[in-house]
Amino acid sequence: MNAYAPILVLGALGAGFAIFSVVMAALIGPRRYNRAKLEAYECGIEPTPQPSGGGRFPIKYYLTAMLFIVFDIEIVFLYPWAVTFDALGIFGLVEMLLFALTVFVAYAYVWRRGGLEWD
């Protein structure tokens, strides 16, 4: 248990600082509300009214999400591979090259379909 004491103390200090910061900001922070601050944040674009049943989203939202997921999964697999690169040998190198090739194919597909253009 003594080996974990510094980790527990550091976690307690971090949690205490986070809670203290949130509470103090709520207590002594400025309260100047206006119409703009109370609206939902829309990246500077005025929100447009949506139909009652919802509206259609452009496909670019979904392409961006898919691209993020593809590259996120690639990074998740690259870290353990990099750590055990010496132990895997040539087999690990070939497998990672094949994996990177499939990710590149997905990237090329999104690029050709215009998923990276925001016009």
Side-chain angles (χ1 to χ4, degrees):
M1 188 65 182
N2 288 337
Y4 294 109
I7 297 171
L8 293 174
V9 169
L10 184 62
L13 281 173
F17 179 73
I19 292 170
F20 174 77
S21 298
V22 169
V23 168
M24 292 308 290
L27 291 177
I28 63 174
R31 292 178 180 85
R32 291 185 292 266
Y33 299 111
N34 58 27
R35 182 175 169 253
K37 282 189 178 183
L38 296 176
E39 287 186 8
Y41 181 64
E42 292 283 337
C43 301
I45 301 170
E46 289 294 325
T48 58
Q50 293 289 329
S52 61
R56 292 182 148 199
F57 287 100
I59 192 68
K60 291 188 187 275
Y61 290 113
Y62 300 107
L63 285 177
T64 304
M66 294 289 285
L67 189 64
F68 171 76
I69 290 170
V70 164
F71 285 110
D72 194 38
I73 290 172
E74 181 185 16
I75 295 299
V76 166
F77 284 120
L78 276 176
Y79 277 120
W81 172 77
V83 169
T84 60
F85 178 71
D86 290 336
L88 294 175
I90 194 74
F91 173 75
L93 179 63
V94 170
E95 289 296 319
M96 189 49 69
L97 286 175
L98 289 173
F99 179 69
L101 179 68
T102 58
V103 171
F104 179 72
V105 168
Y107 174 71
Y109 172 76
V110 170
W111 189 0
R112 290 284 292 177
R113 298 286 294 176
L116 302 176
E117 297 171 5
W118 288 97
D119 295 355

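Just so you know, these numbers come straight off a predicted model, no measurement behind them.
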**Q** Can you list everything that forms a side-chain contact (heavy atoms from CB on, under 4.5 Å) with Val83? Sequence neighbours excluded, please.
**A**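 Val83: no side-chain contact (heavy atoms from CB on, under 4.5 Å) contacts found.
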
**Q** May I ask you to check whether over 12 heavy atoms, not counting those of Arg31, lie within 6.0 Å of atom CZ?
**A**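 Buried by this count: over 12 neighbours within 6.0 Å.
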
**Q** Are Phe68 and Val70 in one and the same hydrophobic cluster, where Ile, Leu, Val, Met, Phe, Trp and Tyr link if side-chain heavy atoms are under 4.5 Å apart?
**A**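 Result: yes, single cluster for both.
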
**Q** Would one find more than 12 heavy atoms of other residues, nucleotides or ligands at under 6.0 Å from atom CH2 of Trp81?
**A**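 Enclosed.
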
**Q** May I have the list of side-chain donor-acceptor pairs in residues 72-79 shorter than 3.5 Å, sequence neighbours left out?
**A**
none

**Q** Could you work out, with side-chain contact (heavy atoms from CB on, under 4.5 Å) as the rule, every residue matching Asn2, not counting sequence neighbours?
**A**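 Per chain and number, Asn2 pairs via side-chain contact (heavy atoms from CB on, under 4.5 Å) with no residue.
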
**Q** Who else is in Leu13's hydrophobic cluster (ILVMFWY, side-chain heavy atoms under 4.5 Å, direct or via others)?
**A**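 Reading the cluster by chain and number, Leu13 sits alongside Val9.
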
**Q** Which other residues belong to the hydrophobic cluster containing Ile28, where Ile, Leu, Val, Met, Phe, Trp and Tyr are joined when side-chain heavy atoms lie under 4.5 Å apart, directly or via other members?
**A**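 Ile28 clusters with Ile19, Phe20, Val23, Met24, Leu27.
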
**Q** Report all side-chain donor-acceptor pairs from residues 84-108 shorter than 3.5 Å, counting only partners two or more places apart or in another chain.
**A**
residue: Thr84; atom: OG1; partner: Pro80; partner atom: O; Å: 3.0
residue: Thr102; atom: OG1; partner: Phe99; partner atom: O; Å: 2.6

